[in-house]
Structure formats: structure tokens, C-alpha cells
Amino acid sequence: MTVRVRLAPSPTGNLHIGTARTAIFNWLYARRHGGTFILRIEDTDQERSRDAFTQNILDGLAWLSITYDEGPYFQTQRRDRYVQGVHQLLERGLAYYCYCSEAELEEMRAIQKAQKLAPRYDNRHRHLTPEQRQAYEAEGRRPVIRFKIEEPREIRWHDLVRDHVVWNSRDLGGDMVIARVEASGELGLPLYNFAVVVDDIDMQISHVIRGEDHIANTAKQILLYEALGVTPPTFAHPPLILNAQGAKISKRDGATSVSEFRSLGYLPEAFNNYMILLGWSPSDGQELFSIADAAQHFDFDRVNAAGARFDWDKLNWLNGQYIRALTVSELGDRLQPFWQQAGIDIAAYPDSWQQELTALIAPSLTVLADAPKVATTFFVDYPEYPPDIWESLGSEVVRVALTALVEVLKTRDTLTAAEANDLVQAQVAAQKVKKGAIMKPLRLALTAEPHGTELMPTLALLHQRQLAIPRLEKVLSHL
RNA sequence: GCCCCUAUCGUCUAGAGGCCUAGGACACAUCCCUUUCACGGAUGCGACACGGGUUCGAAUCCCGUUAGGGGUACCA
């Protein structure tokens, strides 16, 4: 069978990580089976849909290298197909006009709730006589189209993630609205569940892979497939991504959209890898792999049915792994936007200096956005020396060492890390002290920090920018 | 409220009746490397939610309880 899958995001928000993971699962399945991956934008909610969100979704998928083979299709451009479908159901008596007002429905639900019953539509307009309909029309009521749901009725399907799923039609909330009617009396845009089914039929979708939150929709949609005389596709409902507390992940949890992860400095490779790991594992236990690697083995057999909590620690670790696997020049390229964002014109420095800096800070990076902070000392004339720092540097050994260092540095334009090390070793030998007795104060003198990147390359890079001598002289003037 | 789904270390997971005194990864702790932080290496800590069955034997199968999640729209 030809595999045709689709991602069907609605442009009512930025590309959500849950949608991204669904996208990855679809993509993997398509690649694994030599199938087709289709992108369809479900923009039938005209109140909430925005073009900017569509763009964000497209950009996010591109950033993640989730390429689609068909689309994007837009539901708003397929209105005729839905209208046809609704007419088909209407003609065959499988759907009908309902004239209930918002207020009537609300009242009905309030009564049901008071009686501790599940809120549902009671199908009251299912058998309206032509006279009743005319009366409502005369009142100026605008109807909706409802699809008849027979009750009771067991709806069963085989789910690739959770095996057998059974749903009773009486738990579906009564006859469902599938389309609105416009003021002109013409059929308007369809509602979600109907549009999805029409599209999936037209696009010959073979496997519907979407989040667990759609399970109840699947039951409704299967009924629609039957009414339209089409065999339903295969379904797969992977679980949702949960936050650290085990609840549905939300904006309060730090970041929920792919674009946020991007600006936080996560690598798309790391993000993808983490998303797959959240719910799926390869049989060989491998943890670091690309989506292309995963596509070789991906199967729903190994997708967990339980929700997975989002763990920043592990994502951070993965990101670090990917950062360190990058070549220096590749990392340099990826860092560009983050230097820029921090107001650092990195291009103003010699290539070799940039490369050395990049290599130096690489082990300290968890996310790309860490770079400006880690490298901050290289982009100021002097670090901020705390007032009490002179005291801790006030030994004869330090004064002699720094003085000697300044002397030598003044005689050379360039300096490598190895040469810097030789200079320090010379002082260690001359003064017969431990290396730390010079390294620690030297770090403090150079950066005003007790911790930081490797000192010898740091000194070399500072000197190449003529920053080392002035700093040391400033320190010496206080000793 | 009602319906559905789920349940192995703190987290992500391996495990498809005996291979399990339950394996890996992250996190954490200790040690090593190192001037420091980080990186890297090593070791350690740490779980089958509970109660009943089924079976010679259950993390694995069944039932119940509990807990968590999802759904319950003229949103998608």
C-alpha cells in the first residue's frame, strides 16, 4: 500500500513543539515506507487564523528540515469540496438543518450539568417538519448543518500506537455540527471534523498520525467516512508531550514553540533528536541520531503509549553533544545570529581569531545563545575589576610575574596558546612556585573572574587584540 | 460529572512469562583529568504504583483500586 501521510496544523499559533513532534512522526513514517508527506494548513477558523502563524509554521518546518512532498494546501481554498460533501449528506438524509440558538444550547447544557449528565446536544431538531423549518427561517434564525450520529453504536479501530480502541457513539455528544450556513443561505466553511475527513479522502491519506488529543475526533470521523462511503485510513495516536509536572505543556513551561527553541540557541538536529526520543526508541538503544537515521528503523511498535514529560536537562545535554560535534567553522556559522543579537560585530575580527575563539568557547556552550556571555571578556577593553581584587593579587610573586609578562608581550605582536604557556612556565621556574600560583592570579588579572575558558588560549586571543597588556598594566598600577 | 487513554529509577526509556539479584541515557554524588569553570573519563545512588487473580514461574497476561493525562464546542 502506498503510504500518504499529512501534517495538518491550524495557523492559530506559532509552530508548537507538539505539532513539531507530530510532524516528525509523520515525516519518519513517510520516509520509512517510501511514502508521501503532505502539508495542509487548516485555516477554517477565520476568527483565530493569522498569516503570520502560517509563516511561522512554514519557517519552523524548514528550520527543522521537515520537508514535505505535497502542499501546502489551504482549507479555505477548498470550500467547494466541503459544500459538495455537505450536500451529499443532506440529500441522503444523513445530515440536517438545526436552528437552535446559542442561548438554547447553553440552557440545555446547564440543565444537563445540574443533573450531573454529560453535556450534549439532544438532537432536538433532527426531525423538524418543513413547517417548523419555515417558521424558524421566518424568525430569521441562521441554521447549522448537523450530522446524524446513530446511538448506541460501537466504533472500533486499530490504532498503531494503542492497538484496539473502542468508542461508543453515545459518548460523542449528540449530532455534530459539520458546517455553518451564511446569511445568504449558502453553506459556509465547514467545521474541523468534517473538513478533515473530506480532505483526507481527497488527498488519499493512508495513515492519520496525530496527537492523542484527537482520539474522540477519530470516532466521529470514522462515522463520517462511513457516511461518505469511504474506508477510513489507518490511525496512530502518539501521546502528548507533558511538562515537568506531568500536565499538558503550556507557555508557562518556558517555551512551547519551535521558534522559541531556535532563538534560545538550540540546534535543529538536537531538537529533532530529542523530540523523537520523547516516546520512541530505536531497538539498538542508540540515543544520538538524525531524523534520517531514525527513518531507517522507525516504527510505531516502539512508540510509547504513555505521555512523556519534557526534560530540559536532557535536551540541553543533547544540544551540547551536537554543538561539540560541529566543526569549528560550522559552529562559527551557527553562532552568527547570536553574536549579532548581542550587538557583537564578529565579522570585524580576523577569521583566524574568530576560529580560535569559537574553538575555545565550544566546550562551554549548552545553547548557542551562551556564546556572547561566555566570550564577554573578549569584547570589552577592560573587565570590571571589583574593588577588593587588588588585595588578592597583592603578592610579590604575582607582581614580578605580571611585570615580566608585560615586558615580553610588549616585544611581540602575536601570541599562541603554546607560547603563552611557555611564558608562564618560565615564571614558574624562575620563581620556583606552583603553576597555580601564577595561573590563578593571571586569570583574575586578565578577566576579573575566577572561572572561565582555558587561560592560555584566552591570553593569546586577548593579546592578539591588544587587550592583554593594558589590562595587566592596569592591574599592576594598583599593586 | 461522564467517556477514553496511560502507569518500570527524579526524568526519558529497555524489557513482549523464566535470560531481571530489572539494562541504558539525562540529572545528582564522588573520584580522575585540569590553574579554574566547562568538556571528557570512571564509579556510585536510584524504579517494576497498590491489591487480587492466572501460572510451576510474572515488570511482563486478566480484574479492581489509586494516580496522571486527554476529551467532553456552531475551536482546531
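Chain letters run A, B, ... following the sequence lines, proteins first and then strands; every chain starts at 1.
- The nearest whole Å value for the distance from the CD atom in A/Glu151 to the C1' atom in B/C3 is 13 Å.
- The CD1 atom of A/Ile155 sits 13 Å away from the P atom of B/C5 (whole-angstrom rounding).
- Judged by Watson-Crick or G-U wobble contacts below 3.5 Å, the nucleotide B/C56 has B/G18 as its partner.
- Rounding to whole angstrom units, CG of residue A/Asp253 and P of B/U11 are separated by 16 Å.
- At whole-Å resolution of the value, CG in A/Leu318 and C1' in B/A25 are 9 Å apart.
- Here A/Glu154 pairs with A/Arg156 in a salt bridge; the nearest charged N to carboxylate O distance falls below 4.0 Å.
- Across the C1' atoms, B/C62 and B/U54 are found 7 Å apart, a figure rounded to whole Å.
- Nucleotide B/C28 forms a Watson-Crick or G-U wobble pair with B/G44, both donor-acceptor distances falling under 3.5 Å.
- Classification of the A/Tyr97-A/Tyr99 ring pair by plane angle, with boundaries at 30° and 60°, yields parallel.
- Here A/Arg302 lies in heavy-atom contact (under 4.0 Å) with sugar-phosphate atoms only.
- A donor-acceptor contact under 3.5 angstrom links the side chains of A/Thr377 and A/Arg471, judged on distance only.
- For the 3.5 Å distance criterion, the side chains of A/Ser290 and A/Asp293 qualify, holding a donor opposite an acceptor.
- Looking at residues 272-287 of chain A, you'll see A/Leu277, A/Leu278, A/Gly279, A/Ser281, A/Glu287 sit with a heavy atom under 4.0 Å from some atom of RNA chain B.
- Taking atom CD on A/Gln245 and atom C1' on B/G69, their separation rounds to 14 Å, with Å as the unit.
- Nearest heavy atoms, A/Pro386 versus A/Ala448: CD-CB, 4.3 Å.
- Every ring pair (Phe, Tyr, Trp, His ring centres under 6.0 Å) that A/His164 has, sequence neighbours left out, goes to A/His158.
- Between A/Phe271 and A/Phe261, the ring centre distance stays below 6.0 Å.
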Legend entry - Heavy-atom protein contacts under 4.0 Å, nucleotides 28-43 of chain B, coded B base, S sugar-phosphate only, - none: -------BBBBSS---
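- For A/Thr366 and A/Asn316, the side-chain atoms include no donor-acceptor pair closer than 3.5 Å.
- Using N1 to N3 plus N6-O4 or O6-N4 for Watson-Crick, or N1-O2 and O6-N3 for G-U wobble, each under 3.5 Å, B/A49 pairs with B/U65.
- The closest side-chain heavy-atom distance from A/Val400 to A/Gln427 is below 4.5 Å.
- The aromatic rings of A/Phe310 and A/Trp312 sit perpendicular to each other, their planes meeting at more than 60°, with 30° as the lower class boundary.
- Residues A/Asp175 and A/Tyr96 bring a donor and an acceptor atom of their side chains to less than 3.5 Å of each other.
- If you take atom C1' in B/A27 and the same atom in B/A47, they sit 15 Å apart, rounded to whole Å.
- Using a cut-off of 4.0 Å between Lys/Arg side-chain N and Asp/Glu carboxylate O, A/Glu106 and A/Arg109 are scored as not salt-bridged.
- When rounded to the nearest whole Å, the span between CD1 of A/Ile249 and P of B/C12 equals 12 Å.
- A gap of 12 Å separates the P atoms of B/C19 and B/A58, to the nearest Å.
- Annotation: side chain of A/Asn168 is not in contact with side chain of A/Ile155 (no heavy-atom distance under 4.5 Å).
- Separation of the C1' atoms belonging to B/C33 and B/A25 is 23 Å when rounded to the nearest angstrom.
- Put simply, CG on A/Asn243 is 12 Å from C1' on B/G68, counting in whole angstrom units.
- To the nearest whole angstrom, the two C1' atoms, one in B/C50 and one in B/A59, are 14 Å apart.
- Counting to the nearest Å, the C1' atom of B/G70 and the CZ atom of A/Arg210 are 14 Å from each other.
- For B/C4 and B/C28, the P atoms lie 42 Å apart once the distance is rounded to whole Å.
- Listed by first and then second residue, the ring-ring contact (aromatic ring centres under 6.0 Å, His included) pairs that reach into residues 175-199 of chain A are A/Tyr192-A/His214, sequence neighbours excluded.
- A salt bridge links A/Asp45 and A/Arg48; the closest N-O separation between the charged side-chain nitrogens and carboxylate oxygens is under 4.0 Å.
- The stretch residues 307-315 of chain A touches RNA chain B through A/Ala308, A/Arg309, A/Asp311, A/Asp313, A/Lys314, each having a heavy atom within less than 4.0 Å of the strand.
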Legend entry - Protein-to-nucleotide contact annotation, 5' to 3' order, nucleotides 71-76 of chain B [B base; S sugar-phosphate only; - none; under 4.0 Å, heavy atom]: SS-BBB
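- Taking the C1' atom of each, B/C20 and B/G57 are spaced 13 Å apart, rounded to whole Å.
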